[in-house]
Structures are given as C-alpha cells and as structure tokens.
Amino acid sequence: MARLLSFAVFLVTWWVASLFAGDAKLPPPPTVLTAMIAEARSGNLFFHLGATLARVTLAFTLAMALGAAIGYLMGRVRLADRLGDPWLILLLNLPALVVIVLAYIWAGLTEVAAIAAIAINKLPTAVVTLREGARALDAALDEMATVFALPRWSRFRHVILPQLSPYIAAAARSGLSLVWKIVLVAELLGRPNGVGFEIGVAFQLFDIPLLLAYSLSFAAVVLLIETLFVQPFEARSYRWRPRAA
Amino acid sequence: MARLLSFAVFLVTWWVASLFAGDAKLPPPPTVLTAMIAEARSGNLFFHLGATLARVTLAFTLAMALGAAIGYLMGRVRLADRLGDPWLILLLNLPALVVIVLAYIWAGLTEVAAIAAIAINKLPTAVVTLREGARALDAALDEMATVFALPRWSRFRHVILPQLSPYIAAAARSGLSLVWKIVLVAELLGRPNGVGFEIGVAFQLFDIPLLLAYSLSFAAVVLLIETLFVQPFEARSYRWRPRAA
Amino acid sequence: MRLEVEIASKTFKSAAGEQHDVIAGVAFALGAGEVGVLVGPSGCGKSTMLRILAGLDQDFQGRISRPAGARIGFVFQEPRLLPWRSVEENVRLAAPGADEAKLSALFEILELKAHRNHFPGELSLGLARRVALARAFAVEPELLILDEPLASLDAALASRLRDEIAMLVNGRSVITLLVTHDVDDAVRLGDRVILLSPRPARILADLPIRTPRSARGDAETAAIKSDIMRRINGCPTKRDAS
Amino acid sequence: MRLEVEIASKTFKSAAGEQHDVIAGVAFALGAGEVGVLVGPSGCGKSTMLRILAGLDQDFQGRISRPAGARIGFVFQEPRLLPWRSVEENVRLAAPGADEAKLSALFEILELKAHRNHFPGELSLGLARRVALARAFAVEPELLILDEPLASLDAALASRLRDEIAMLVNGRSVITLLVTHDVDDAVRLGDRVILLSPRPARILADLPIRTPRSARGDAETAAIKSDIMRRINGCPTKRDAS
Amino acid sequence: ADALRIAVQKTGTFAWELAVIRAHGLDKQANLSVEVLELASPEAGKIALRAGNADIVVTDWLWVSRERGLGAKLTFYPYSSALGAVMVPASSPIQTLADLKGRKLAIAGGPIDKNWLLLLAWLKQGGIDLKSDAKIAYGAPPLLAAKTLSGEMDATLNYWNFSAALEAKGFRRIAGIEDLLPKLGAKGRTAMLGYVFDEKWANTNQDKIARFIAMTRAAKEILSTSDAEWQKIAPLTGAPDAATLRAYRDRYREGIPRRPIADEEADARILYRVLAEIGGHELVGPAPELDAGTFYHAIPGD
Ligand SMILES: Nc1ncnc2c1ncn2[C@@H]1O[C@H](COP(=O)(O)OP(=O)(O)OP(=O)(O)O)[C@@H](O)[C@H]1O
Ligand SMILES: Nc1ncnc2c1ncn2[C@@H]1O[C@H](COP(=O)(O)OP(=O)(O)OP(=O)(O)O)[C@@H](O)[C@H]1O
Ligand SMILES: [Mg+2]
Ligand SMILES: [Mg+2]
C-alpha cells in the first residue's frame, strides 16, 4: 500500500515537474512510456535489457562472491588486512574508465573483458563493506561455536552469515547500483548491445525520452526483484529481531 | 611495514606485467612517473587534482550527511522505509550518466549542477548502508538510554553513533570510491577542469601513461589520507573491541 | 510520590505468530521510601513488568502512574553497558551531575576502583553488574528498579552490597522495586514482598513486613522466610504452562 | 580420561595499555566422574580459567592437558545463544546427534517446552540460561564446564536442576567443572571444592569431599559449608587490588 | 566587444581554429570577445548548448534537423566536410570496400554514426549488406583506433582525425566517406559538420554571427595557406610525429567547405533521405525530410 502510494507520488511529482520544466528539459511520463512501449514492441528493449542483465548478473555474482571472501579474510586476519589494504585503496580509487579501457586493451573487445572490468570495479566496495562486517563479528559466539565444535559449514551458515547479513545486504544493494552504473560505461565504450549501448545512442541523439525509457526499465526490473524476492526473504530472515515501533 | 612491503609488491607486479604486455598495453612505472612529474611541473596536476578534490569533498560530505540521516530514519521508522523504498531503488538504479545529463540540462553547466549530480548518485548507496545499520541497532541499549533519560545529543553520540560506525566506515569508503568514479563522468561531460576532464582528454588522445598518471595521483592522495588520518582514528575508536588474532 | 501499578494483562506475539499471555492482572502501589520485592518463578513476567512500569513498554492493558519526571535508576537483568565507553564514562553518561567524590565513593564500595578505565568487554560478569549498579546509584534515583542486582556476586560482596542498598534506600525517599530469586534478600530488604504465580503472572500474595529493616532480627526474618517458602511451595506451582 | 590444569600465570593487557595479572598459579587435576567446584570472589579469574581450560584462550603461561577430542559442554556465564535461531535450533546445532526423545526429555526437565520455537530475544534471562543448559547437556559432554549455571533461576527450579546435574554427572564418566557463588551448591554437587583468592587467583584451599553425593546428609553438608565459610572469611580477603 | 560563448571539445579541430583566432587577434578585429568553454568529450557540447551555457557548438545537421522535428529550433552553418574513412593495415588483402565482407570491422560512434550509415547505403546499392555480412565491433573512437593499431581488427571506419593518425602510421585508406557521396546522389563534398546555434538567438544576433563566420573563415584561410601555423598548433592536436601532423593538415584543408550554402543544403537534403531510409526513425526522429530551417542563410555573401 505505502509503496503504491509512494509510487503514485513519484509519478505525480515527475509529471508536475515536467510541466514546469518543459518537454525539452524533462519529458512527461506519457512521452517516456510511449518510447518504452515502442522499444518493447520492436523487441529492442528486451534484447538490450537481457544483454545487460546477463552481464550485470555475472559481474555482480563474481564480484560479490570474491569480494565477500576477501573482505571476510581481511576483517579477520590482521596480516591479510595489512597486506591487502594498499591494493584495496588503489582498486577502490581507480576510475572505472581506466579499468575498462585497460581491460579492453588487454583482453580485446570481448564479453570477458567487459565482465571482468565491471567486476573489478565493484569488487573493492564489497571488500570494504564485508571487512567492516567481519571486524564487528561477535567473539562470544565464536567461542561458543569453537567449544561446541560446530562443523565448518554449520558455523559459517548459522553463526557467521547471520551476523554478516546486514553488511551483505548493504554491499549487494549499493553494489548492484554500482555495477549498473559501470556496465553502462563498459557497454558505451565497447559493446555492440545492452542498455548502456542504447543509452549511448540515445545520448548521441540527445533523445531524453529514450534515455529515460531505458533507465527506468532497468530500475523497474530491480524494483520488481526487490519487491517479489528480496524483501520477503529479508523479512523472513530478520524475524528474530525485536520489531521496531 | 606490511603496507610498504605490499606497496613494493604492487610496483614489482606492475613492472613485470608491463614487461610482458609491452609498453603500448601497459606502460611501466617510470613512464607513468615521468608523465606524472611533467604534469606536476607544469602545475596542471595540482590544478586539476585540486578542482576534483574540491568537488569530491563537497559532494561526498553532502551525500554522506544527507544519506546517513535518511538511512537512519528509514531504518528506524517503518513508515519512512515503506514510503522511501521505491524512490530509493529508483535512485539507486538510475544511471550516473542520466542523472548528470539531466542535472546539466536543468541547472546549466555549472559547478552546482555537477556537485548536485554527483551527490545524488552517491546518496542512495549511503542510505542503504546506513539503513541496514539502523535496523541492526541494539534495542537493549536503546531502552537503557531511555530509562536514564540520556539527552538527545549524548544518546546520539554515545549510544547510536558507535553502533553505526562500521556502517558509516563502509559507506564512506565505498562511497568515496563511487564519488570518484562519478565525478570523472561529470567532469568529462561538462566541466572545463578536473581529473575527469584530463582523463577524458588523455582518452581521446589515447595517452595511457597520462591516463594512469592522473588516476594514480588521486589514489595516492586517498592512500595518504587513509594512512595518516582515517586508520589511526579508526584504531582509536575501535580500541574497545576484543583484539583479533 | 507514589507508584501505582495496575496491569490487567500483557501479551506478547512471538515471531512464530503465537500469542503468549505474560501478565494476568497485577496491581499494587508503593510509596516513597518503600521497597517492594517481586518474587516469582523464572519466566513468569517479572522483567516484563519492570519494563512496563519504567515506561519502556506501552503496549499493555492497564494503567501505570509514576511520579512525573522522576529520575529512574534501573539495574537491568543483564548489565547493558555501552561496550565502547569505559566504566567511568558509562556511569558519567547516565549521571552527568555526579561529582568526583560521589563516583569515587561508589567505585570504592563496589570494588571497581581498579577498573575505572576498562571497557565493559574487559570485565567479568560480576564486575559488569556492579558497574550497572554504580550507574543506577549515581543518578540518585527517585525510582529505583533492580532486576536481580546481586546475582553473579560472591556471598561476601553480595551481603555487603545488600547493606549498601538498604542504606541508600533508608536515607532518601526513593521508591524501590526489587526482583530477586533469593528469599533471604527479599526478607532483609523488602517492606513488602509480592509473590507471583508462574506465567501468566498473578499476585499470589502481597506480604507487608512491618518491622523496620534495621530492627529485623534473625528470628523474625527466619519466620517470614519460612512463611514465604510455605506459600511458594504450598500452592502447587503449575509448572511450564505448555 | 583426566583433566590436568597448571596455569602459572595469565595476564591481560587492557585497551588502555595496563597490564592486569589475573591468575597467579593455579594447578589441579580432575578425573572422570569427578566434579570440581571453583569458588572465589567476583572478578578473581574463574571465567578466565574456564576459557583457558576449554582451549579458548591459548595466551597464558602453563600447561593444560585435556582428553584429546573430548566433547565439551560449556554453560557460559551469559547464555550465548544465536539470536537468529530458535531455541530448538540452538540446541540442535550444538548437538546434531541428539534425537527427539532426548531433546523432549531435556526441554521437559528444564521447563522449556512452551518455548521451543521462540527466538532467544523472546526469552527471559532465566529461560535463556536454561536453553544454554539444555545445549550443554544435549551434546552428552565428556567435559562439562558450568559457569554459574543456576544463577537467575528461582529456588525451586534451581534445586530441581541441581539434582538433575547430580544425576547426569553420576550416571556417566564425565569430568565436570563448576563455578558457583553458592556454597550450598558447591557442597551438594562437588567432589572437590577449590577456593580461590581475589585477583590474581591463587588456590587458597583444595578441599576434597569424600562422601558420595547421594549419601551426604544435611549435617555433613552443613559442617563442610561452615568449614568453607570459615576459610573464606578467615583469611582476610584482600579487597579490590587497587 | 560582443561576448560570444563557444563550447569546444578540447581535442577537437574547432579548438585548433580558435587557437589561430586568438593568436592572430582575429576576435578583436571582429569586435568579438570569445569565451571558450573547453570540454572533454564530444557529447558535452550538446549538453552545453541545451543547458544554455554556450551560444555556438559544432555538430552535424542530422541532429539539428532531428531536434527541429522535436521542437527545438536550432540552426546550422557549414564548418567542415571532412568525413571518416575506412582504414586497413598496409599489408591487408582488403583492396576495395566490397572486400570488407566477412571481416572484423571496428565502427566508431556506434550504429547510428553517419559515416557508417553512408557506407552501408553505398554498399547496399552494390547488393552488400555489411551489417549482417561482417563482424562489427562498435566502440569509442580512440579505443577502436588503438584496437586497429594493435591488429585486433581487420579494418576500421573511424572519424577523420583518427583515420589521419592511422594513415600516418602506414595504414591504407580504402575509401573516404566523402568519396561515396556522388553515388548516393550528392553533387560534391558535403559539409555535415557545422556551427550550430539557436534560431531565435541567431535572429537577434545576426551581425554577431556574421562577424563570427567571417572570423572563422579568416582562420581557415590561415590554416589552409600557412604550414608554419600548423607547427604552432601542433601541441594542441596531440600529433606524436610530423607525419601525423601532416596528415591532419591535409585532411583538414580538404574539409574546408567552399561551396555556396544553397548547394550544401540541396546535397544535405538528398543525403538526409538516404540516411533516413537506412537509419530509420531512431536516427532522424519523426521527420522524413530535412527540416526546412535547418540551414542558416543569413550570412552575407552566401
Ligand atoms: N579482555 C580482557 N582485558 C583485560 N582484562 C580482562 C579481560 N578479560 C577479563 N579481564 C579481567 O580479568 C579478571 C578476571 O575476569 P573473570 O571473568 O575471569 O572473572 P570471574 O572470576 O569469572 O568473575 P565473576 O565471578 O564476576 O564472573 C577481571 O578483573 C577482569 O577485569
Ligand atoms: N519479545 C517477546 N516476545 C514473546 N515473548 C516474550 C518476549 N519477551 C518476553 N517474553 C516471554 O515473556 C515471559 C516473561 O518474561 P520475563 O523476562 O518478564 O520473565 P522474568 O520473570 O523476568 O524471568 P526471569 O526470572 O527468568 O528473568 C517469558 O515466558 C518470555 O518467554
Ligand atoms: Mg527477568
Ligand atoms: Mg565469571
């Protein structure tokens, strides 16, 4: 309910803003919707959305898995943290453009290069978030697990993972958004399809409705996934928390 | 010590890699250093670095402050979460390019537009991270603070803030990296100075050493800030934690 | 200054969705200078009651009237210290008005002097509980709520602290509510012992002790104690409500 | 199967940088079926000792020899449950081998039947401590370590549980170590009572009780108790070491 | 002096012209005070114009016409007729455009790039559909130039300046896009790039624009006659060696538009139809024909 209301407010705000700003500066919702429908009709929307989603999924999974593992290690083992930290800061602060260009130069204008470049851009942010999580782990529960000789997997799943889960959630949400920003650059610079490619085209033509149509389609997909899968799952796994007011 | 070692390993790896890859694909450290020194001599490096740092500082501060406040609110007040969530997901998944272009169109190619656009891009990631932090707040300590009637500020500073601090650290680190990625796009598209501008120029000229010189200079600045200020501060404020192995 | 408690009922909804009745009609009143002691089986709803009457839980049927704006000192059942603040800071934060002399005296009594600069993670449980006591005393409360304050302390220290609490309570017009499983403590400290049933808590007996604390002899306390024990064991305790 | 403990010294370095001596020479040994009871003032180093001999803290001077690969059941001073797992899951995770009949019996004895599906956050402290007891018992430990297991429980329940512990310990060849502040518990349950000094902990006395637990009459326990009390109070306790 | 705000890409050719203008004080002679907003990417100019931060930018009439169709009344005056070129390594077996079939092609600027569309249209007349008959890699022009240089691509269609740089590195020019225009119906080299500005602004600033155009013509004249001038602007071009600079110079000079504006517009109209047919709605927007007001006619002497 509240979500629907909020969504309605969003639409109205947009529409009103577009009335004030003028079509050229901010096209109203129907214009964007028309562009969206036209792209959907021609099949373009699904083709490009599919290509981007595939890249996002791959790069995201890769970066999250690797980033979580490295972050956990750095949070728990002091030496790993000391050794890894300068690399981490470097990687964090390398511009996306540079990573993507270098990846394309080394691995060719290939799918692998694109996905690797995106993953490398996202990796360090997952690392820093999970590192904080690992640092904040409860030593008392750790001792409990050791004393009762919980098997490795059980310990990970029942003791560690629930403590890391808010950090994982934060890293995943902000990470997905980062991946999405970067996949566009990667597609813009050297892929023949994907939303980023289309946005590049729309940008060259300065076609704002098209630009918005593609952007919002992706946001809609994420919104859908959040509402249908992520949030119910989260609600279930946070049942144990005392309910807030 | 470990950090220096790690840094040395980084340099060696780079150098060896450049020997294998060839100058054109990956210039060796001295080449990049030469480019860096040349830019420093001419004053260009400091000029552009300064411009970018100013933008980064402003946008980062703005986004962190606002994002933390909103995230805290959404984590604590269920209704705020419900209402804000769709907006948040939308904002998270709006491509940086689109936000920047729209900001420039509305507010002109101005400093304000650039900084606002960067802040808007970073804002939602700070929100999601802090929201997780606020959700994980300890209700028992909250009750304690209420019973003992801790004044608002004291409660915030001594009860809430320390619990949020790992989330703030994560949001700040990954957020700085995001701001840095986006400021480059903003400078590329509509600013006459800054590292992003220079990187854009270097890219058009395909001058990889120059590209790397600017990227690494920024990373070096962040590394310096981390080593000199952030990490000592962190070590101090996490003294209470049982020391890890 | 009076504390009036009338809780008609309190239910929790568990995460699994079940309804749990925790309090089923508890009513009593305490005046300034009075010490009420709640005694009841584990899990019967004592801590819940304390949270309600401190105003931490508003979701119940009934009415609480507390002296408006009264300073509360609460010793929770667990220490509830701020892990990131030293022992001294923990106390000072709750009692910004307490002066150095007062704190020193408190730390002396509670044998905490060596631990002033420790973080709570560096304390034993008994030490942490003592810090919680120091915090509650430092605020000079008008309403003092103690949830098993003497658990996890050795016998000698516990008895010394029992005397300290008695002194504190005697000296000033503070309303005190004490939860304990130790009938001995109850009889030595209380002006009124309220016996509670297993969950959902009802009042089984409300026993006033009229002799002033300082005047209670061993014989008298033994008599009251055996009365209480009889009452507890006399009414056959419904075990686990399942 | 024997537990041999020889801790020459243990020091903590506090975050503020100070050095704290916590144990200053403690040595004893326990055989299978024996119950050792540690009694000492709050903050003297008992929990630290338990952590060392369970292998959780390796940073000490001395030597521990534990039966290799022995299953350990540990009741920590705080419950240490996983807040995100139900009561039943908490127990099952530690004791994956325990069958339904066994768990049912345990939950029955500990009066936890109504709380199987609760999360730890929905328990009273006494209930949570009982879950911790259930967990330690469910693993069928060969080495059982109990840090104040009966604190925060009402007298009736505590006495029932004391009997349960005695039964469990009698039945099987388990090495048991118990920390308590209750001299009564110590005398009723222990085969050996080890009295500790204030921090840094040294052994003040190591008192064997030769009568089997089941045969101890009230008179005998009273005698031993008074002996212990005399010893505790006799050697003038150095108060706070500061 | 009248203020005039111009947005340029720092590495673009317009920046070279402006350097000459400044060096020779042409702006003062024209009584203009030129404010140059240097930007780092090709698209930034459009943003600057849209955002109202620039009066004049350089872009193509294709976009101007499209925008007019959508309601934004911009207008165009020819700036350069230089177009991209198809380049192959010196030793490549590719001799003609028809040989591109089945090859790996790097196309700068993406699927709606005008060079690419014109090439497609030209080949289509010969019955070749390159879009499906070749392996196409779209990408950023500098990246593709580097990729071609490293041998990853069989051929590249890139912007004229990148092509010139490749030429200087020994690459072979299979065809310049301007060579294809006659077969597509144009009478001669057609300037697709031009100065673009707002129509309303232009109408109130006719004199200013006229002076601006005259000034740029003077600059072009200098650049087309003086080789020494090229040495002066060499650092701006980023040319790593003399050969590249020479290639830039020659291609630049070829690209200076010298035809009457009416001829330019007539050819633009023809090419627009070609482009509209092959690029479709996506490229040109709702208008099937070049919008009537696309070209700016109020320059004396045209
Ligand atoms: N991590 C630590 N850093 C510094 N000092 C510590 C640390 N852990 C414990 N101590 C100190 O060691 C001493 C013994 O602690 P321990 O928990 O063993 O006491 P205890 O005998 O179990 O007391 P109690 O009966 O109150 O539980 C205490 O004085 C405590 O302050
Ligand atoms: N958040 C909650 N959700 C569901 N049930 C709860 C919740 N909090 C407490 N309970 C239940 O309420 C009952 C009373 O809890 P309470 O903490 O008041 O007991 P208590 O009398 O203080 O026990 P103890 O002596 O063990 O501390 C318990 O059975 C507990 O399971
Ligand atoms: Mg309780
Ligand atoms: Mg202890």
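By convention in this document, chain letters (A, B, ...) are assigned in the order of the sequence lines, proteins followed by strands, and residues within each chain are numbered from 1.
For the options L211(B), I208(B), V185(B), L223(B), heavy-atom pairs under 4.5 Å to chain A are most numerous at L223(B). The residue among S165(A), A136(A), G133(A) with the most heavy atom pairs within less than 4.5 Å of chain B is A136(A). Ranked by non-hydrogen atom pairs under 4.5 Å with chain A, the options I199(B), V128(B), D81(B), L91(B) are led by V128(B). The residue among V222(B), L178(B), T227(B) with the most heavy atom pairs within less than 4.5 Å of chain A is V222(B). For chain A, the option among L188(B), V183(B), V101(B) with the highest count of heavy-atom pairs below 4.5 Å is V101(B). If you tally non-hydrogen atom pairs under 4.5 Å between each of P166(B), A202(B), A220(B) and chain A, the highest count goes to P166(B). Of all the listed residues (G175(A), A126(A), S177(A)), the one sharing the greatest number of non-hydrogen pairs under 4.5 Å with chain B is S177(A).
Taking L90(A) as the reference, F10(B), L216(B), A219(B) meet the side-chain contact (heavy atoms from CB on, under 4.5 Å) condition, with sequence neighbours excluded.
For L189(B), the part sitting under 4.5 Å from any heavy atom of chain A is the side chain, from C-beta outward, and nothing else. For L102(B), the part lying near chain A is the side chain, with the backbone staying farther off; criterion is any non-hydrogen pair under 4.5 Å. Only the side chain of L97(B) comes within contact range of chain A, with at least one heavy atom under 4.5 Å from a heavy atom of that chain. Heavy atoms of P95(A) lying under 4.5 Å from chain B belong to its backbone as well as its side chain. When heavy atoms are compared at a cutoff of 4.5 Å, V9(B) approaches chain A by way of both its backbone and its side chain. Looking at L137(B), there are no atoms closer than 4.5 Å to chain A (heavy atoms on both sides), in backbone or side chain. Of the two parts of T13(A), only the side chain, counted from C-beta on, holds a non-hydrogen atom closer than 4.5 Å to a non-hydrogen atom of chain B. Heavy atoms closer than 4.5 Å to chain B are found in both the backbone and the side chain of L26(A). In this structure, chain A has a heavy atom under 4.5 Å from the side chain of I182(B), while its backbone stays farther away. If you measure heavy-atom distances from Q163(B) to chain A, you find no contacts under 4.5 Å at all. With a threshold of 4.5 angstrom between heavy atoms, N121(B) approaches chain A through its backbone and through its side chain. For Y214(B), no part lies under 4.5 angstrom from a heavy atom of chain A. Neither the backbone nor the side chain of L88(A) comes within less than 4.5 Å of any heavy atom of chain B.
Environment of CZ in F7(A): sparse, with no more than 12 heavy atoms of neighbouring residues, nucleotides or ligands closer than 6.0 Å.
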*Under the side-chain contact (heavy atoms from CB on, under 4.5 Å) criterion, do T129(B) and Y167(A) qualify, and how do the steps go?*
CA-CA 8 Å; T129(B) 307; Y167(A) 293 89; over 6 Å; no
*Yes or no on side-chain contact (heavy atoms from CB on, under 4.5 Å) for L184(A) and V98(B), after CA distance, side-chain angles and deciding distance?*
CA-CA 11 Å; L184(A) 297 192; V98(B) 172; over 6 Å; no
_Intermediate values then yes/no, side-chain contact (heavy atoms from CB on, under 4.5 Å), K181(B) and K181(A)_ = CA-CA 10 Å; K181(B) 291 185 203 314; K181(A) 290 184 205 314; over 6 Å; no
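Listed by first then second residue, pairs satisfying side chain to side chain donor-acceptor pair (under 3.5 Å) with a partner in residues 84-108 of chain A read D85(A)-R131(A), D85(A)-R3(B), D85(A)-Q231(B), W87(A)-S6(B), not counting sequence neighbours.
Between E132(A) and A169(B) the shortest heavy-atom distance is OE2-CB, 3.5 Å.
Side-chain contact between F218(A) and L94(B) is absent, with no heavy atoms from C-beta onward closer than 4.5 Å. Looking at L176(B) and L92(A), their side chains never come closer than 4.5 Å, going by heavy atoms from C-beta outward.
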